[in-house]
2 protein chains.
Amino acid sequence: MSRVWNFSAGPAALPSPVLERAQRELLDWNGSGVSVMEQSHRGKRFIAMAQQVEADLRELMGIPAEYAVLFEQGGATQHFAQIPMNIAREGDSADYILTGHWSEKASSEAAPYVRVNVAATSKGDSYLHMPGRASWKLDPAASYVHIATNETIHGVQFQEAPDVGNVPLVADMSSDILSAPVDVSRFGLIYAGAQKNIGPSGLVLMIIRRDLLERPTRPMAKIFRYAEHAANDSMLNTPNTWGWYLAGLTFQWLKEHGGLSAMAERNRQKAQLLYATIDGSGGFYRNPIDPTVRSRMNVPFTLHDSALDAVFLQESEAAGLMALKGHKALGGMRASLYNAVPLKAVQVLVDFMHDFTRRHG
Amino acid sequence: MSRVWNFSAGPAALPSPVLERAQRELLDWNGSGVSVMEQSHRGKRFIAMAQQVEADLRELMGIPAEYAVLFEQGGATQHFAQIPMNIAREGDSADYILTGHWSEKASSEAAPYVRVNVAATSKGDSYLHMPGRASWKLDPAASYVHIATNETIHGVQFQEAPDVGNVPLVADMSSDILSAPVDVSRFGLIYAGAQKNIGPSGLVLMIIRRDLLERPTRPMAKIFRYAEHAANDSMLNTPNTWGWYLAGLTFQWLKEHGGLSAMAERNRQKAQLLYATIDGSGGFYRNPIDPTVRSRMNVPFTLHDSALDAVFLQESEAAGLMALKGHKALGGMRASLYNAVPLKAVQVLVDFMHDFTRRHG
């Protein structure tokens, strides 16, 4: 069939021009006569590309020189564990802010390696709001403070980087990295699984302040040490070369389309259109999240009658609107509006939603 | 330029029909209207594919039901460390057989997690032979015995699985998996980075006897536990979906081309042709490895005069023969002859080598 409007939460839609270029050069990349997947990561062609990808990311995000950029594997989940292994000593504590499924998971995977202090949580009200900064019980002696800037399942998002004083702020940005400008200097460590706003799954982007690479660590294999990865330009062992390449194509696409400021404006429009449709539906559609912390990337919503869920999914799919089923933890629907989802897709979605209301209201 | 003959040690050549099919369906996979990279790994289409990929691998390798098949990340190097974390208790020992760079590296990455007993090594003679089984000093109380079945850099290969009694045999097969039939029941655990005989980098295939999943382990994050990955069908977190898909296309290609017996015969012919050319060159080309343990996958060789190396590389590349430069540890040349390298490529290579001898001999 023809290409559809893809609202998948991840692995998610990639920009069509990125896929088209990858398709064109799949068998013969960069005049090499072979695929980018068939090249040594230590060859001149691949290294030149890898350096360009990092330079493009640094330009897009304005990454200061005192930060290293790493191209890792294992998904963000592996780094939930690997981060405390690297930047906390045995016996140290770390502050975790729980605002949804993923920040909670980050804390449980970290627990074997660091004393987890839940400094704030909105779990008590099902993560419908975010605990206000003033309520956080931070420990000035913590090895770091961990947040997830956007919660893919629960649909809440930090609207700006919180001030946590001199303790390094560590942020899982898997689902909103590159969706808007961010002041990297506010963070000690930013990490993100690629499969939402960067590229295919199997790649993790990490931006880490270099002083954190020098923290003394427990005994462990070299392969788990970020400092070793940084010293070897993320080629301590064979990286995910295809993911690295596709991330680079996405960064180029972002640069060609006005960078992160333009993305932020487009993402604001998309989210506003969808939330306005939900809020203006007279209760037919509902999103119960505190409007001041609603996510611009993942919009969960329910129908007033859950008996209509199956019909909504069936009819939306028939209308070329894909992957709107909500996460099983919340039920209902979810529309993910990452960078690669155009405004047009949201317009088609809200037209469908209006029409569905007329037919089933 | 047009496609060339690719002798890369890894990431290595993939079968052209696999790449051509991936190219055709890159934007619209399996009638979904989106790329395979843009699908949830928890969607029906992807899960059906993932199950078929495992079934095809089980058929190709004859994997008994008491073995789990896992699709992991992190490269074989990460699993050098993660294997002892999973199948040895703190304080346990494990026997390592050192036959080259990779088995040596496996032992050093394991050392933080298990007492490494070097039960045999040929490092003393630069890994030019393999320590005979009779010389191995195995410990019947070891938690496992580790070997690398093929050494990508040093060009030596086990010709059959060694008998290690009742201790589980753990094998890094990164560079010879699927190159010939193997009796899986001789092994406790087989693992392999994908980027030689399976697919793109960033995927690790693991075949593990289920009783090893039940061994008591030290405290660690769930994401590091193979038992959790097995219980979740390798979807404990988002897997490398592109790698999984391409592995599946490679397995289908193997099935269509006669399976592993046919590959073994083809690989034997390829290696024989190249070694015969080297051995018959009157010393112009040299491979110093004990002929009884020469690798059929990676053939390192030197020229009688290293001053000719640069000329050889330049002329071979101009002749469409790619990536023949040897690993820096050994210098000289290396031709990797994985499954996707056709006999024709080796014929072109040996013709070039004969011609080069005539012109520079």
Side-chain angles (χ1 to χ4, degrees), chain A residues 1-4 6 8-14 16 19-20 22-23 26-28 31-35 37-41 43 73-78 80-81 108-113 193 195 199-203 219-224 236-243 246 320 322-323, chain B residues 1-4 6 8-14 16 19-20 22-23 26-28 31-35 37-41 43 73-78 80-81 108-113 193 195 199-203 219-224 236-243 246 320 322-323:
Chain A
M1 70 183 291
S2 58
R3 294 270 295 169
V4 299
N6 184 2
S8 175
L14 293 166
S16 291
L19 290 173
E20 285 157 9
Q23 183 178 47
L26 191 78
L27 277 87
D28 183 2
S32 65
V34 304
S35 176
M37 290 182 279
E38 301 175 293
Q39 315 255 338
S40 171
H41 53 296
Q73 297 186 53
T77 303
Q78 180 174 315
F80 293 165
S108 66
E109 287 292 82
Y113 308 102
Q195 68 270 18
S201 61
L203 179 77
M220 58 179 171
K222 267 172 85 167
I223 193 70
F224 291 128
L236 182 60
N237 68 333
T238 312
N240 179 336
T241 56
W242 173 253
L246 267 196
M322 177 183 149
Chain B
M1 73 183 288
S2 58
R3 295 268 296 168
V4 298
N6 184 1
S8 175
L14 292 165
S16 290
L19 290 172
E20 286 157 10
Q23 183 178 45
L26 191 78
L27 276 89
D28 183 2
S32 66
V34 303
S35 176
M37 288 182 282
E38 300 176 294
Q39 317 254 338
S40 169
H41 54 295
Q73 297 187 52
T77 302
Q78 180 174 315
F80 292 164
S108 64
E109 286 293 80
Y113 309 101
Q195 67 271 19
S201 60
L203 179 77
M220 58 180 170
K222 268 172 85 169
I223 193 69
F224 291 130
L236 181 61
N237 68 334
T238 312
N240 179 335
T241 57
W242 174 254
L246 267 195
M322 177 184 151

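To find a chain, count down the sequence lines: A is the first, B the second, and so on, and within it residues start at 1.
Taking the side-chain hydrogen bond (donor to acceptor under 3.5 Å, both in side chains) definition, one finds that B/Thr241 meets it with A/Ser201, sequence neighbours left out.
When heavy atoms are compared at a cutoff of 4.5 Å, A/Ala22 approaches chain B by way of both its backbone and its side chain. Interface remark: A/Tyr113 contributes side-chain atoms only to the contact with chain B (heavy atom separation under 4.5 Å). At a 4.5 Å heavy-atom cutoff, the contact between B/Pro11 and chain A is made by backbone and side-chain atoms alike. Using a 4.5 Å cut-off between heavy atoms, B/Gln195 touches chain A through its side chain atoms alone. Proximity to chain A (any heavy atom under 4.5 Å) is shown, for B/Ala13, by both the backbone and the side chain. At a 4.5 Å heavy-atom cutoff, the contact between B/Ser35 and chain A is made by backbone and side-chain atoms alike. Within the 4.5 angstrom heavy-atom criterion, no atom of B/Ala9 approaches chain A.
Closest of all the heavy-atom pairs between B/Leu14 and A/Met37 is CD1-CB, 4.1 Å. Residue B/Met322 comes nearest to A/Val34 through the heavy atom pair CE-CG2, 3.6 Å, listed as atom of the first residue, atom of the second, then distance.
Between the side chain of A/Glu109 and the backbone N or O of B/Ala221 there is no donor-acceptor pair closer than 3.5 Å.
The shortest distance between side-chain heavy atoms of B/Gln78 and A/Gln78 falls below 4.5 Å. The shortest side-chain heavy-atom distance between A/Leu236 and B/Thr77 does not fall under the 4.5 Å cut-off.
For the options A/Asn240, A/Ile223, A/Leu19, A/Asn6, heavy-atom pairs under 4.5 Å to chain B are most numerous at A/Ile223. Considering only heavy-atom pairs separated by less than 4.5 Å from chain B, the leading option among A/Gly75, A/Ser8, A/Gly74 is A/Gly74. Contact count against chain B (heavy-atom pairs under 4.5 Å) is highest for A/Ser40 among A/Pro200, A/Ser40, A/Ala81. For chain B, the option among A/Glu20, A/Met220, A/Glu38 with the highest count of heavy-atom pairs below 4.5 Å is A/Glu38.
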